[in-house]
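Reviewing the structure listed below.
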Amino acid sequence: YGFSDASPDAEIGAIEDALWQALQKNGERGPFLLVGEQYGGLLHRIFSARHASLIQGHIYIDADTSHDYFLTSHFHSHSTSIRSLLAPLGLHRILALPPSVPTKYPSQRDINDGGTRLNRLLSPYLNGLTLSTIAQEQSLSHSPSSPSFTTLLASLKDYPNDVPTIVISSVGRMEESSAWRRGQRSLWEEVTGEAGRVRWTEFVWGVDAEGNKRNPWGRICADAGKEGREVCEDAVGELLWS
């Protein structure tokens, strides 16, 4: 991600088309168990609606929804665009990035928590192509008038809401953001039909090996230690073998 040329179209439906073409090229015919994390949760819903007969199950892990992703400020998009333009000069590496990028992409929490200067300089989120890709996605998405928002709304009529579904949501995020809380509840109560509801797991972030409180805006499966990996693996196992 971000280390190849930017896509000519970052509209969410076009990204789903590219995913489907890649699967077909590699002979993958389904059925599919879809796991959507954060932005991937939006792609997940489009893919599922367009290929409903091939979907075995849905797992949403802190998935973005229309309640948060399309209604956020454009400020971050503009600031990312500026950094992508400055990237060839290397100025963003010298400054080691202001905190807005690692906050938005908290898997780089070594920066968020005051990581070393070297970690800051080597962060993949300082890569010019990565910044350009992020800016492209944001400029086409963060608005209710965007083509991506229209595509998501149109997918609702074909979305297989009776397919077995597990939703995993960070308690910390829901406590900090009312929009995020509404989105997670909507994903469970409105997007997922009653017949498809397996369980909604509200995940509580613990502490790391040094006793420091983990960042709830990180990725559960990758950043929440053993507990995070287990809750993700259990969800996959439950739907895969059910």
Side-chain angles (χ1 to χ4, degrees), residues 1 12 15-16 19 31-49 51-52 54-72 102-109 112 141 152 155-156 159-209 212-242:
Y1 176 86
I12 197 169
I15 296 175
E16 187 283 326
L19 172 60
F32 301 106
L33 171 60
L34 301 182
V35 181
E37 182 182 35
Q38 299 183 359
Y39 178 72
L42 300 174
L43 294 173
H44 177 147
R45 288 167 60 180
I46 305 300
F47 186 96
S48 185
H51 311 286
L54 299 178
I55 308 305
Q56 177 178 333
H58 301 130
I59 299 175
Y60 292 100
I61 305 170
D62 270 339
D64 280 315
T65 67
S66 60
H67 290 264
D68 59 272
Y69 192 82
F70 294 101
L71 303 179
T72 54
T103 298
K104 182 68 178 178
Y105 299 93
S107 61
Q108 297 299 307
R109 68 182 187 280
N112 228 19
S141 295
L152 185 66
S155 72
L156 288 174
Y159 180 81
N161 63 4
D162 58 343
V163 168
T165 299
I166 292 176
V167 176
I168 303 171
S169 310
S170 292
V171 170
R173 290 193 187 198
M174 292 191 289
E175 290 175 344
E176 293 182 17
S177 170
S178 59
W180 189 268
R181 182 173 63 251
R182 288 194 302 272
Q184 297 302 296
R185 183 170 297 279
S186 173
L187 190 58
W188 178 246
E189 296 181 350
E190 299 172 18
V191 176
T192 306
E194 185 174 354
R197 297 172 193 156
V198 176
R199 60 181 168 87
W200 179 13
T201 298
E202 298 185 19
F203 182 78
V204 179
W205 286 69
V207 297
D208 60 22
N212 300 312
K213 186 177 179 180
R214 297 184 189 276
N215 179 6
W217 292 90
R219 292 187 168 96
I220 290 178
C221 303
D223 300 331
K226 179 181 178 182
E227 297 85 354
R229 289 192 300 273
E230 287 180 348
V231 75
C232 296
E233 291 171 356
D234 289 347
V236 171
E238 185 172 349
L239 295 190
L240 194 59
W241 307 115
S242 61

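Keep in mind that the numbers below use all heavy atoms, side chains included, and drop hydrogens, waters and symmetry copies. All of these numbers come straight from a predicted model, not from anything done at the bench.
- The nearest pair of heavy atoms linking Ile61 to Cys232 is CD1-SG, 3.9 Å.
- Although no hydrogens or angles enter the test, the distance criterion places no donor-acceptor pair under 3.5 Å between the side chain of Ser170 and the main chain of Phe203.
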Report task. Please report the C-alpha distance between Val191 and Asn161 in whole Å, then the side-chain angles of each, then the deciding distance to 0.1 Å, and finally whether the side-chain contact (heavy atoms from CB on, under 4.5 Å) criterion is met. Result -> CA-CA 6 Å; Val191 176; Asn161 63 4; 6.0 Å; no
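- In terms of heavy-atom proximity, Gly172 sits nearest to Pro216 at CA-CB, 3.9 Å.
- Side-chain N or O atoms of Thr165 include one that pairs as donor or acceptor with a backbone N or O of Val163 at under 3.5 Å.
- The backbone N or O of Glu189 lies less than 3.5 Å from a partner atom in the side chain of Arg197, making a donor-acceptor pair.
- Between Thr65 and Ser186 the shortest side-chain heavy-atom distance does not fall below 4.5 Å.
- Put simply, OG on Ser178 and NE2 on His67 are 11.0 Å apart, with the number rounded to the nearest 0.5 Å.
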Report task. Determine, step by step, whether Asp62 and Trp217 satisfy the side-chain contact (heavy atoms from CB on, under 4.5 Å) criterion, reporting the C-alpha distance in whole Å, the side-chain angles of both residues, the deciding distance to 0.1 Å, and the verdict. Result -> CA-CA 9 Å; Asp62 270 339; Trp217 292 90; over 6 Å; no
**Report entry** Residues Val236, Trp241; criterion side-chain contact (heavy atoms from CB on, under 4.5 Å); working and verdict
**Finding:** CA-CA 8 Å; Val236 171; Trp241 307 115; over 6 Å; no
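- The nearest pair of heavy atoms linking Leu43 to Ile12 is CD2-CG1, 3.3 Å.
- Relative ring orientation between Phe47 and His51 is described as tilted, the plane-to-plane angle lying within the 30° to 60° band.
- With contacts defined as side-chain heavy-atom distances shorter than 4.5 Å, the pair Tyr60/Leu34 does not qualify.
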Requested in this report: Could you walk me through whether Asp68 and Ser177 pass the side-chain contact (heavy atoms from CB on, under 4.5 Å) test, one step at a time?
Outcome: CA-CA 9 Å; Asp68 59 272; Ser177 170; 5.8 Å; no
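- Across all their heavy atoms, Pro31 and Gln56 have their closest contact at CG-OE1, 4.2 Å.
- Of the candidates Arg181, Glu202, Gln184, Gln184 is the only one forming a side chain to side chain donor-acceptor pair (under 3.5 Å) with Ser169.
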Query - salt bridge (charged side-chain N to carboxylate O under 4.0 Å, His left out) between Arg229 and Glu233, worked out - result: CA-CA 6 Å; Arg229 289 192 300 273; Glu233 291 171 356; 5.3 Å; no
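- A distance of 12.5 Å separates CD of Glu37 from NE2 of His44, quoted to the nearest 0.5 Å.
- Heavy atoms only, all atoms of each residue included: Val231 and Ile168 are closest at O-CD1, 3.9 Å.
- Using a 4.5 Å heavy-atom threshold, the side chains of Tyr69 and Gln38 count as separate.
- With rounding to the nearest 0.5 Å, the separation of OH in Tyr39 from CG in Asp64 is 9.5 Å.
- In this structure, Thr192 and Leu187 approach most closely via the heavy-atom pair OG1-O, 2.9 Å.
- A donor and an acceptor atom, one from each side chain of Ser48 and His58, are located under 3.5 Å apart.
- Here the OH-CZ distance, from Tyr159 to Arg45, works out to 7.0 Å after rounding to the nearest 0.5 Å.
- Considering CG of Leu240 and CG of Leu33, their distance stands at 6.0 Å, rounded to 0.5 Å.
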